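Just so we're clear, the structure is a prediction, and the values are computed from it rather than from any experiment.
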Amino acid sequence: MVSNTASGTYTFTPAAGACASTATVDVTVNMLPVASISGDVDYCIGDVASLTASGGDSYVWSNASNIETTTPSTLVAGTTAYTVTVTNNGCSNTTSITVTVSDCVVDLCPTIVVALDTILALCDGKDPYLDGWEDFIQFNGNSNTFAGFDWYSDAAMTTLVTPADYAYSGDNCEEQQVNVYVGALCTLNPNPIAAGVLHLILYPPLDTTYLQISNTECSVPALTSSCPNYLISAENVPTTINPGDSGTATWTVSYNGSGGVQACFVEPFAVNYACPALDCPIAAFTAPTSVCLGDDATLIFTGTASPTASYTWTIGSQTLTGVGPQNVTFNTNGMVNVVLSVTDNGCTDTVSHAIMVSSVGVSLVAANTSVLLGEATTLTATATSVPPSNITYTWSPSGLSCVDAVCSGVLVTPTQNAVYSVTATNEYGCVASDDVNINVSVKKGIIVPNAFSPNGDGTNDTFQPLITSGTPKTFALFVYDRWGNCVYETTDIANGWDGTYKGFNCEVGVYVYYVAVTYMDDNDEIIKGNVSLVK
């Protein structure tokens, strides 16, 4: 006898002296299956449950009279142990599970999870298709007891909805609001379960009593409404009607509810119009598109009318009559609307023309209004236009140097007293000018040192007068010693006396100088004095 848990080949060898021979045999050892049961162990009476065994290729259950392994079954109250024997490759193993079935209290009617609560804009007489809204209600519970939905006209859900409950009964101008209530039905409960509310906004049908027509001969017909919720849009309405014209003006009338323009009714509305083929006037005139403030403009009638026609010109707040020409002075900035109405043979024609009244102002300032000869100053023009527009600047005299891109500033270097002017012009051709006077003065003056030391140390080595007014027209310097000899003379303002005479150093002492200058304004100045030569 062999006891071993491992598969393999085993050899039998008889004892010595025994009457037997040696033999071998192959032995296969199979493992016991791992038996298991899966499934819930706690249930309520009436629940549907099942247990599933695994771990082998065949199963034998004991005490499973009210449960199946493959088909769920309804449980009854009590505690029951279920045992299964699992067999695999000829080996078997057993396991058990205990299931408890209790007498639970269960709400078998559905419970609303997400209720219907929405707004629906509804046209008068339309069916809201209430059944289609059931998909918006979500519930849980025992679906076997759910019997559908019903719609009610009251929150208590006692009266079922009829088409009359969502029929419009307002004043045909304002929208009307109606609520309908939905209840979920359960076969175990005679009372509906509140599932939500649908807020219906009912829009009215078209009521032509709210429409007013203005339609006189030879005038453009108009359609208006006393109902603020009616929208009227022109579809085929002429802008002008001339003699001999006739046709049908068409508008579209729609309702504008709280949710925007609704398509509850979009109704065409037609009105016939006509203008007799008489000599009706044609109003037309010529006028400028813009004028400058304070200027006159001539309005000339260019239309057609009989000699008996009457003319009314409305120019802003001013009214004139007669065929014209009309000469009008515009004294207020801004856009002025000129309207001409011509009435003839019972017909009136009107035309309008807009005229922009513009103005421009400019001021000119100088950085300095008094400068020395040869100095420069900046002139700056500041201009404003009504209405605002681009401004161009024209300077006098011409040829001045601009200091910015639009030439509102220039740089001037006057050689004499001068008047500079600027003219500002806006896009409407209006101009304004300003000018400024610049005074030019010549600074005169000679600074003459009273001593110098020609010792070669680089400081005060020469005697040289300083002209403070720039370069003069003429200059002359003479130096005399105490005996009256002229030891130095020059007409070059850049040169000075180095203290020598005929190549020899002059003695230390006092010398007499004479300076004669003619300035750029042709005025002369002569200065005499003494200068000391020191070492």
Could you tell me whether a side-chain N or O of [X] sits under 3.5 Å from a main-chain N or O of [Y], the two making a donor and an acceptor?
| X | Y | result |
| --- | --- | --- |
| D349 | V342 | no |
| Q176 | N172 | no |
| T377 | N368 | yes |
| S385 | P387 | yes |
| Q464 | A494 | yes |

With a 6.0 Å cut-off on the ring centroids, do [X] and [Y] count as close?
| X | Y | answer |
| --- | --- | --- |
| Y203 | Y255 | yes |
| Y488 | F478 | no |
| Y311 | F301 | yes |
| Y513 | W497 | no |

- Value rounded to 0.5 Å, distance of OG1 in T252 from CD1 in I232: 10.5 Å
- Message: Against V410, only a single residue in L379, D404, V422, T378 fulfils side chain to side chain contact (heavy atoms under 4.5 Å, CB included); can you say which?
- Response: L379
- Atom CZ of F136 with >12 non-hydrogen neighbours under 6.0 angstrom: no
- Give a yes or no on this: more than 12 heavy atoms of other residues, nucleotides or ligands lie within 6.0 Å of atom NZ of K473. yes
